[in-house]
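Remarks on the structure that follows.
Letters A, B, ... are given to chains in the order of the sequence lines, protein chains preceding strands, and every chain is numbered from 1. What you see is a predicted model, and the numbers here were worked out from it, not measured in a lab.
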2 protein chains.
Amino acid sequence: MGANGVERRPLRRDAQERRDRLVEAARREFARHGVDASLEKIAREAGVSIGTLYRHFPTRMDLLMAAFRPRLDEFMAGAAEALAIEDPWDGFVHYLENLFAMQAGDRGFNDFLSRRFTDNAETERIHDQMCRHIGDVLARAQDAGRVRADLSQGDIVNLIWSNGRMIDATSTTAPNAWRRHLHLMLDAYRAERAHPIPEPPMTDQQLYDAMVHLSQVD
Amino acid sequence: MGANGVERRPLRRDAQERRDRLVEAARREFARHGVDASLEKIAREAGVSIGTLYRHFPTRMDLLMAAFRPRLDEFMAGAAEALAIEDPWDGFVHYLENLFAMQAGDRGFNDFLSRRFTDNAETERIHDQMCRHIGDVLARAQDAGRVRADLSQGDIVNLIWSNGRMIDATSTTAPNAWRRHLHLMLDAYRAERAHPIPEPPMTDQQLYDAMVHLSQVD
DNA sequence: CCCAAACGTGAGGCACCCCTCCGGTTCGCT
DNA sequence: AGCGAACCGGAGGGGTGCCTCACGTTTGGG
């Protein structure tokens with residue numbers, strides 16, 4: 001079955017082989033240089049011409065989705081795991097740990113999580129699903145009185161941005177620094193030590209706009 | 001007196017006027033697009049040719065320093081204020097509030113604080129001074145038992161990165177979101193009920209490398 | 001008022017990157 | 001084997017940005 005449910009004949013053998021090499025090269029380049037990596041370089045890296053790249057992946061997003069599919073599945077599985085853990089706090093921590101670790105492992109995926117590409121129905125779907133996951137994990141921990149009640153989904157998205165930036169900075173020189181950041185944040189999130197926050201959480205609209213903003217070029 | 005102490009005759013009247021216009025335009029463009037803003041655009045904006053820009057500012061850093069000098073002074077003054085506040089915790093909060101607010105006010109300055117340009121003695125000096133300030137403010141609050149003892153300078157630099165990214169995302173849609181982030185972080189930093197952190201702080205070398213890394217193009 | 005020094009200009013070389021299009025190549029079905 | 005559909009290559013047009021340099025313009029001291 002094709003991506004959109006349309007049955008299509010399999011690729012010719014040579015075409016399939018080139019396509020695989022492209023996805024492989026894209027994974028490497030996106031991981032190294034983020035989602036804005038040069039397509040021409042990816043083609044070169046794959047030993048394929050730029051025209052071929054465009055034949056298989058008409059838009060950058062097509063290539064991104066092909067490259068990140070496994071990572072995305074892995075990530076979603078981690079989120080499901082979190083909800084399966086009995087203790088709500090442990091589930092919350094597991095969710096964040098999984099999130100941070102995946103961001104740390106791949107700069108492209110890190111970018112991908114931080115930005116929201118509005119021109120693509122599938123990525124919208126993915127982001128919605130992510131937001132639902134966050135909401136569930138968070139609400140459960142809050143209902144159990146373990147996470148401060150005034151924490152919002154937007155604060156977690158914020159955390160994604162923060163951590164993303166930190167990982168950009170430290171990944172080559174201190175690859176585990178994110179774990180420190182995470183545990184510091186956990187102390188900020190615990191219900192026991194909460195002090196009132198003088199600024200209200202972002203509205204859904206603000207949050208959405210901010211994510212879209214990050215995906216637009218200056 | 002010239003920047004490096006060399007006495008040089010004043011600029012010709014027309015040259016001075018163009019230089020002023022350039023600095024003005026640079027401030028605007030850097031604020032809007034970060035420190036990587038296009039120099040050609042800045043020249044256009046100033047109504048001056050690109051050649052003239054290069055005559056006055058042979059390197060991007062020369063222009064950056066000219067544009068940010070007032071902001072830098074303002075920032076350093078805020079840091080001094082923080083140390084002048086009697087209560088160590090209040091001083092700590094004041095320092096961070098000043099820092100965040102200045103990051104929020106100018107995308108270029110935000111970039112500037114996050115990165116470390118190694119090819120320039122003056123910026124190195126500035127960063128060293130900033131690190132000293134952070135160290136002083138932090139140590140004072142820790143000695144007073146108000147900030148958790150296991151917090152390191154690197155964690156504050158981390159905070160600069162985190163907040164920088166958050167501001168990039170939210171400045172146009174939720175310009176005060178940083179204040180919420182700050183107060184969340186304060187709850188993470190308070191000494192009372194701090195939980196142990198399983199990852200050691202970054203070494204000075206790691207911290208330095210990370211800052212340099214951020215200032216290098218992909 | 002004159003002229004040398006200071007200054008300004010913008011075309012142009014170079015390096016990227018994106019994306020298209022058409023002539024040539026390869027596959028695999030019959 | 002032969003042929004048409006599928007596929008591939010890569011030149012090339014359009015865009016942006018950096019930086020230089022030969023030539024023309026302006027200033028202000030003498």
* Structure fact -> Out of D:dG10, D:dC19, C:dG8, minimum distance to the side chain of B:Tyr54 belongs to D:dC19
* Asked: Can you check whether B:Ser38 has a side-chain N or O nearer than 4.0 Å to OP1 or OP2 of D:dT16?
  -> no
* Structure fact -> Rounded to whole Å, CZ of B:Phe57 lies from P of C:dG8 at a distance of 11 Å
* Structure fact -> Separation of C:dC19 atom C1' from A:Ile42 atom CD1, nearest Å, is 15 Å
* To do: Decide yes or no, distance alone: a donor-acceptor N/O pair under 3.5 angstrom between the base of D:dC7 and the side-chain of A:Gln16.
  => no
* Asked: Can you tell me how far P of C:dC18 sits from CG of A:Asp62, to the nearest Å?
  -> 15 Å
* **Between B:Asp155 and B:Ser152: side-chain donor-acceptor atoms closer than 3.5 Å** => yes
* Which is true for B:Leu39 with a 4.0 Å heavy-atom rule: it touches a base, it touches only sugar-phosphate, or it touches nothing? -> sugar-phosphate
* Find the distance A:Leu53:CG to C:dT20:P and express it as a whole number of Å. => 12 Å
* **Under 4.0 angstrom between B:Arg55 side-chain N/O and D:dC21 OP1 or OP2** => no
* Round to a whole Å and report the spacing from CD of B:Glu17 to C1' of D:dT27. => 14 Å
* Asked: Is the closest side-chain donor-acceptor distance between B:His94 and B:Glu81 under 3.5 Å?
  -> yes
* Asked: Side chain of B:Arg13: nearest nucleotide among D:dG28, C:dC7, C:dC19?
  -> D:dG28
* Asked: Checking salt bridge (charged side-chain N to carboxylate O under 4.0 Å, His left out) for the pair A:Glu122/A:Arg125: CA distance, chi angles, key distance, verdict?
  -> CA-CA 5 Å; A:Glu122 182 163 17; A:Arg125 200 178 49 66; 3.7 Å; yes
* Asked: Counting only side-chain N and O atoms of B:Thr52, is one of them less than 4.0 Å from OP1 or OP2 of C:dT9?
  -> yes
* For A:Ile50, which contact category applies under a 4.0 Å heavy-atom criterion: base, sugar-phosphate, or nothing? -> base
* Let me know the distance between NZ of B:Lys41 and P of C:dG10, rounded to the nearest Å. => 20 Å
* Asked: What about A:Glu40: does its side chain form a donor-acceptor pair under 3.5 Å with the base of C:dC16?
  -> no
* Do you know the tightest heavy-atom contact between B:Arg180 and A:Asp150? -> NH2-O, 2.6 Å
* Asked: At under 4.0 Å, does any side-chain N or O of B:Ser49 touch on OP1 or OP2 of C:dG8?
  -> no
* Taking only Lys NZ, Arg NE, NH1 and NH2, and the carboxylate oxygens of Asp or Glu, determine whether A:Glu40 and A:Arg44 approach each other closer than 4.0 Å. => no
* Would you indicate, yes or no, if C:dG8 has its OP1 or OP2 atom less than 4.0 angstrom from a side-chain nitrogen or oxygen of B:His56? => yes
* Asked: Are side-chain heavy atoms of B:Ile85 and B:Phe92 found at a separation under 4.5 Å?
  -> no
* **Upstream residue (5' side of DNA chain D) when B:Leu11 and B:Pro58 are each assigned their closest nucleotide** => B:Pro58
* Asked: Which comes earlier along DNA chain D counting from the 5' end, the contact point of B:Asp14 or that of B:Arg44, where each point is its nearest nucleotide?
  -> B:Arg44
* Hey, does the side chain of B:Arg60 come within less than 4.0 Å of D:dC19's phosphate (OP1/OP2), counting only N and O? -> no
* Below 4.0 angstrom from OP1 or OP2 of C:dA5, is there any side-chain N or O of B:Arg12? -> no
